[in-house]
Amino acid sequence: MRVMRACRELGIRVVAVYSDADRDALHVLSADEAVHIGPSPSAQSYLSVERVLDAARRTGADAIHPGYGFLSENADFARACEAAEIRFVGPPADVIEKMGEKTSARRIAVAAGVPVVPGTLEPVSDHAALAAEASRIGFPLMLKAAAGGGGKGLRLVREASELGAATTRAAGEARSAFGDDRLYLEKAIERPRHIEIQVLADSHGNAVHLFERECSIQRRHQKVIEESPSPFVTPELREQMGRLALRLVAETGYVNAGTLEFLVDRELRPYFLEMNTRLQVEHPVTEMVTGIDIVKQQIQIAAGEPLSFRQDEIAQRGHAIECRVYAEDPTRGFLPSPGRITDLRVPGGPGIRDDGGVYPGWTVPVEYDPLLSKLVAHAPTREGAIARLARAVAEYRVVGIRTTLPFFAWVLEQPAFLAGDIDTGFIDEHLPASFGDPPADREQVAAIAAARGVYRTRRARQARGSDQQGATSAWWRSGLTQLHRRD
């Protein structure tokens, strides 16, 4: 949906691809044309290079935006697009290969004089080799997938006895998510900040950074709250990290949007972690504080256009905070909560942006990441942004499934968060065990709320004489009549 909006503002028609599970997904219903590419398992649909390319050929698409996951950092896919003379909206295949593969990126950073977290510079292929490297590096350490990101294929290993089971789980998760089960090791830095730098580079030799994002609030190594600017980063550190990021961009000949991720210790020392050679889920916070549409920039760069601004023309204005709203139950250990959304009310008002992908009546599937939306607040100050986000979280209504909204309401009230005293262990340290103990009447309250939502919706339809028309408005139905779906 985010990419479609940028395309429509640029006057570009959009083709969506979908699996069986996503037949009625919002991006499918909203596209100018939609093509079915296979069954629900991602290996047979969204990870199939040939099926995605076939959809592009059948519809006459001349460019492919790979989104956030699946094939977005797959060099073979980018290379196949080039061979098919279809523009890949991202960096060249050889750059993805160098920087999208984590150990290769670490080797390049070392050669460029950019500090990295101590660890292996090559993927490690078997348990015996992993054990030997772990002994050399020392515990605690991080076991990571060499390909991909997003917290997949990543495990914290505190002692040698945990390594075998962690390796098996991480390799299996990486194989499922990225089709690549290679792993590498890094020394675990205790209580670090996770800070990333957004970059844009065109094919004419111009490159800029769009400052930093603070991504330290994480659960199971998955970011859940992001903000810009970071309350931790000083002007000197910001300038240093921007300079390091652009050094790597120049070293690799990077083109398009990308993100350099760093761990920063308590002494303000940054260590290069990895590069995401794609659009990041959390890019809206950067857009809100810089006023730059990163997706439009991606498309224009892919079309061969130069950047229209210089580094000294970019500034951070105000503060933005994003929370990722998931179909998960925070009172049950964040277990997935698939099911039908019976009612939905999205917050609005000054400074609020919701990049959502669901609608009332949609059934959240079990097959994919349960992200529902990204809720962003922008204000002149961090305190103002927090207040706006808290207000928006309170307004947000999702009936029929559990979501992480109560968890965000809790975070936004915590004194440590309000003071900016956060690190990657914030949730483990502060989330009380009692958070998982729901009130005894919770199920009854939820059932009553859902029933009231359905009742109000039906009464509203009856009042406008449209009860037999389903859950969509006349405006929405008129849009659906223009959809050309290909099976």
Side-chain angles (χ1 to χ4, degrees), residues 1 16 18-30 34 36 38-42 44-46 68-70 150-152 173 176-177 219-220 222 224 281 323-347 354-375 392-410 435-461 467 469-473 476 480:
M1 291 302 297
Y18 65 95
S19 69
D20 287 346
D22 280 341
R23 180 171 292 272
D24 296 317
L26 186 60
H27 77 284
V28 176
L29 302 179
S30 304
H36 177 250
S40 300
S42 56
Q44 301 173 50
S45 51
Y46 296 121
Y68 304 133
F70 295 124
K152 302 292 192 297
E173 196 173 272
S176 174
R219 184 182 58 79
R220 298 171 189 161
Q222 174 72 54
V224 293
V281 173
C323 61
R324 303 188 188 191
V325 183
Y326 283 95
E328 295 176 338
D329 187 349
T331 70
R332 308 287 186 189
F334 294 91
L335 287 174
S337 179
R340 187 170 181 268
I341 297 174
T342 56
D343 194 18
L344 177 68
R345 184 182 69 196
V346 177
D354 184 75
D355 282 14
V358 298
Y359 59 90
W362 162 243
T363 298
V364 179
V366 299
E367 288 85 356
Y368 312 123
D369 188 293
L371 181 65
L372 305 179
S373 79
K374 297 173 294 177
L375 179 63
V393 166
E395 285 183 9
Y396 217 133
R397 176 183 175 84
V398 185
V399 180
I401 60 172
R402 309 278 190 237
T403 75
T404 49
L405 287 167
F407 165 74
F408 293 122
W410 172 83
F435 197 87
D437 298 331
D441 62 349
R442 175 193 171 104
E443 299 297 332
Q444 183 179 359
V445 171
I448 293 172
R452 289 180 63 188
V454 172
Y455 174 77
R456 285 196 300 269
T457 301
R458 288 179 175 171
R459 285 294 302 271
R461 290 182 196 147
D467 195 43
Q469 298 299 320
T472 55
S473 67
W476 187 254
L480 294 183

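By convention here, the first residue in the shown sequence is residue 1.
Minimum heavy-atom separation, Arg332 to Asp329: CG-OD2, 2.9 Å. Ser40 and Asp20 make their closest contact through OG-CB, 3.6 Å (heavy atoms, listed as atom of the first residue, atom of the second, distance). In terms of heavy atoms, Pro365 sits closest to Asp22 at CG-OD1, 4.4 Å. Here the closest heavy-atom approach between residue Arg402 and residue Ser337 is recorded as N-OG, 2.8 Å. In terms of heavy-atom proximity, Leu26 sits nearest to Gly357 at CB-O, 3.6 Å. Here the closest non-hydrogen pair linking Ser373 and Gly356 is CB-CA, 3.5 Å.
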Task: Test side chain to side chain contact (heavy atoms under 4.5 Å, CB included) applied to Leu372 and Ile401, step by step - done: CA-CA 11 Å; Leu372 305 179; Ile401 60 172; 3.9 Å; yes
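The main-chain N or O of Gly400 is never found under 3.5 Å from a side-chain atom of Arg340 such that the two would form a donor-acceptor pair.
Residues that satisfy the ring pair (Phe, Tyr, Trp, His ring centres under 6.0 Å) test with Tyr46, not counting sequence neighbours, are Phe70, Tyr368. For Arg324, the side chain to side chain donor-acceptor pair (under 3.5 Å) partners two or more places apart in sequence, or in a different chain, are Glu226, Glu282. Not counting sequence neighbours, the partners of Pro41 by the side chain to side chain contact (heavy atoms under 4.5 Å, CB included) test are Pro39, Gln44. The side chain to side chain contact (heavy atoms under 4.5 Å, CB included) search around Ala16 returns Met4, His27, Ala31, Ala34, not counting sequence neighbours. Under the side chain to side chain contact (heavy atoms under 4.5 Å, CB included) criterion, Val346 pairs with Leu344, Asp354, Tyr396, not counting sequence neighbours.
By the 4.5 Å heavy-atom criterion applied to side chains, Pro406 and Thr331 are not counted as neighbours.
Summarising the geometry, atom CZ belonging to Phe408 is positioned 8.5 Å from atom OG1 belonging to Thr403; distances are rounded to the nearest 0.5 Å.
Only one option out of Val325, Thr404, Leu405 pairs with Val393 in a side-chain contact (heavy atoms from CB on, under 4.5 Å); it is Leu405.
Applying the salt bridge (Lys or Arg N to Asp or Glu O under 4.0 Å) test to residues at least two apart or on different chains, the pairs with a partner in residues 357-374 are Lys152-Asp369.
For the pair Arg220 and Phe334, the NZ or CZ position fails the cation-pi test of under 6.0 Å to the six-membered ring centre and within 45 degrees of the ring normal.
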